[in-house]
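First the proteins, then the strands, lettered A, B, ... as listed; each starts at 1. Just so it is clear, the model here is predicted, and its values are computed rather than measured.
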Number of protein chains: 2
Amino acid sequence: MSDEAANESSNVRRTRRLDRASVVAAAMGMADEGGIDGLTMRKLGRSLGVEAMSLYNHVANKEDLIDAMVDEVFDMIGDPIPGEPWREAMTTRAQSTRSVLRTHPWATPLLDSRTSPGAATMRHLDATLGCLRNGGFSVPLTAHAIALLDAYVYGFSLQEAGLPFEGRDETVDLAEAIMEGLGESHPHLAELVSEHITREGYDFADEFDFGLEVVLDGLERALQPQD
Amino acid sequence: MSDEAANESSNVRRTRRLDRASVVAAAMGMADEGGIDGLTMRKLGRSLGVEAMSLYNHVANKEDLIDAMVDEVFDMIGDPIPGEPWREAMTTRAQSTRSVLRTHPWATPLLDSRTSPGAATMRHLDATLGCLRNGGFSVPLTAHAIALLDAYVYGFSLQEAGLPFEGRDETVDLAEAIMEGLGESHPHLAELVSEHITREGYDFADEFDFGLEVVLDGLERALQPQD
DNA sequence: ACCTGAACACCGTTCAAGT
DNA sequence: ACCTGAACACCGTTCAAGT
């Protein structure tokens, strides 16, 4: 069997030629499925129809690869549109960040951990700061604002990532397990689960907007202390 | 050389006898120093003067060990005192959580990721819910409150963990690196760094209280919609 | 310029064997 | 009851060798 036949018969899609972008894209897909620990250089090579060692022609090492993945995430989040009012822009940014982090949950703990931020990361940060400054935020208040906004969005995404898979029976199973013997020893948890979380139509995702409004209201108040 | 002499001459402290608590404590220390990836069963065994395989007499596997570490973190955070006013209790809880996560930064992404929460975790959650309910929060508002509070505290801790080591010249080095060629292409970032972050007395840690007040004010407002 | 094979120093975990 | 040695199936990364 020739090499070509082997490639065709396997489920390995070997694109025309390997390049950095396709390595990064494949790595993100692998992390989406198995978490950041499920991403290994050897499996990544295999999925691209290549030996692991070939990847080192396109990334310096695994750390460099993860840097590129994180920068791609910031690129996907998108920058505020110049001239957009700050509250609209920050709402869009928060929702976009949260949405991107929902499909790439491995990225949440990594966003703030890069010692060498990429081009998209820098561009995104600068555009966000600019939006707040143009909206009338002083430099210190801008620092307050971005720390608060990002803390909320990252923290919410972190919680969301830890939830059992969405809309599945698993939630009910978990709830029943909690209720079983623990109802008496943990009455408030039992109450929350039975009277709220297991109710038809409850979705943790809906909590996001409540908190975001609180955060934005707080910033608006800090911006205009005259009320 | 006898085994005892070998033990004495090495820097390995082999306590009287290995037990679960000491394994967990040593594991936390190792993760504190090298992150969660720096914690390996083999190194942990070595640090306890034992082969890695001996650890499996006290923990089922690495996952079980991490479960125990996370539960210990919740234990360290401490529960609200029964009867304490909700705002005081939530302030104390937030500051305690943030303080514990600062010394155990590896724990931040793990707090919400455990599918089998430990006893301290359950106790802490139930006590927190109870504090809010007794403070007059409805069940749905309690769900809003805890999601918002934890998102903020976890997200802030995540950002703090990603910072260069505290109070060191590294911050200034990083700032200078940013300023070097990037001042023109990233004006708002350059402004923030030069006019705020590198200023004497600036400390990112101080941002915490601002955001916490915004969050608590928002919850107080949601609790008393009559003003 | 890109890919490979062999090698090195690691992992988590099992299992039979020791005390 | 607890610990160990050898083994298995993995890791990231290097380096010389191939095309």
Side-chain angles (χ1 to χ4, degrees), chain A residues 1-7 10 12-28 30-31 33-70 106 110 113 115-116, chain B residues 1-7 10 12-28 30-31 33-70 106 110 113 115-116:
Chain A
M1 187 166 24
S2 74
D3 275 9
E4 276 179 25
N7 259 341
S10 72
V12 166
R13 48 214 128 108
R14 167 78 169 271
T15 25
R16 313 184 139 277
R17 191 113 142 291
L18 219 52
D19 60 358
R20 184 173 236 260
S22 57
V23 169
V24 172
M28 291 180 71
M30 187 165 283
E33 288 188 15
I36 199 72
D37 290 335
L39 166 67
T40 75
M41 299 299 277
R42 296 173 108 110
K43 285 202 308 192
L44 183 57
R46 217 175 300 142
S47 84
L48 290 165
V50 104
E51 298 298 315
M53 305 75 201
S54 302
L55 301 172
Y56 289 86
N57 287 301
H58 305 100
V59 295
N61 48 40
K62 198 177 185 182
E63 201 62 19
D64 179 42
L65 173 59
I66 293 178
D67 280 349
M69 293 163 71
V70 169
W106 49 268
L110 300 177
S113 74
T115 46
S116 56
Chain B
M1 188 168 20
S2 75
D3 276 8
E4 278 180 24
N7 259 342
S10 72
V12 167
R13 47 215 127 110
R14 167 80 168 270
T15 25
R16 313 184 140 278
R17 192 113 142 291
L18 220 50
D19 60 358
R20 185 174 235 261
S22 57
V23 169
V24 172
M28 291 181 71
M30 187 166 284
E33 288 189 14
I36 199 71
D37 289 337
L39 167 66
T40 74
M41 299 299 276
R42 296 173 109 113
K43 282 201 309 190
L44 183 57
R46 218 175 301 143
S47 84
L48 290 165
V50 104
E51 297 298 313
M53 306 74 200
S54 303
L55 301 173
Y56 289 85
N57 286 302
H58 305 100
V59 295
N61 46 40
K62 198 177 182 180
E63 201 61 18
D64 179 42
L65 173 59
I66 292 177
D67 280 349
M69 292 163 71
V70 168
W106 48 267
L110 300 177
S113 74
T115 46
S116 55

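The separation between A/Glu51 atom CD and C/dT4 atom P is 5 Å, rounded to whole Å. Separating the CZ atom of B/Arg20 from the P atom of D/dC2 is a distance of 13 Å, rounded to the nearest angstrom. Spacing between atom CG of A/Leu55 and atom C1' of C/dC2 amounts to 12 Å, rounded to whole angstrom units.
Here the closest non-hydrogen pair linking B/Ala27 and B/Leu44 is N-CD1, 3.6 Å. When all heavy atoms are compared, the tightest approach of A/Met30 to A/Leu39 is SD-CD1, 3.9 Å. The shortest non-hydrogen separation linking A/Asp37 to A/Thr40 is O-CG2, 4.1 Å.
A heavy-atom distance below 4.5 Å is not found between the side chains of A/Leu55 and A/Leu65. Taking 4.5 Å as the limit, every side-chain heavy atom of A/Leu110 sits out of range of all side-chain heavy atoms of A/Met69.
The phosphate of C/dC2 (OP1 or OP2) has no side-chain N or O of A/Ser54 nearer than 4.0 angstrom.
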- Query: When every nucleotide of nucleotides 6-19 of chain D is labelled 5' to 3' by its protein contacts under 4.0 Å (heavy atoms), B for base, S for sugar-phosphate only, - for none, what sequence of letters results?
  - Reply: BB---BBBB-----

- Go through the steps to decide whether A/Val50 and A/Leu18 satisfy the test side chain to side chain contact (heavy atoms under 4.5 Å, CB included), and finish with yes or no. CA-CA 9 Å; A/Val50 104; A/Leu18 219 52; 4.0 Å; yes

- Item | B/Asp64 vs B/Arg20, side chain to side chain contact (heavy atoms under 4.5 Å, CB included): CA-CA, chis, key distance, verdict | CA-CA 11 Å; B/Asp64 179 42; B/Arg20 185 174 235 261; 2.5 Å; yes

- Task: Evaluate side chain to side chain contact (heavy atoms under 4.5 Å, CB included) for A/Ile66 paired with A/Ile36, printing each intermediate quantity in order.
- Result: CA-CA 9 Å; A/Ile66 293 178; A/Ile36 199 72; 4.3 Å; yes

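With a 3.5 Å limit on both pairing distances and Watson-Crick or G-U wobble geometry required, the stems of 3 or more pairs in DNA chain D span C:4-8 with D:12-16, C:12-16 with D:4-8.
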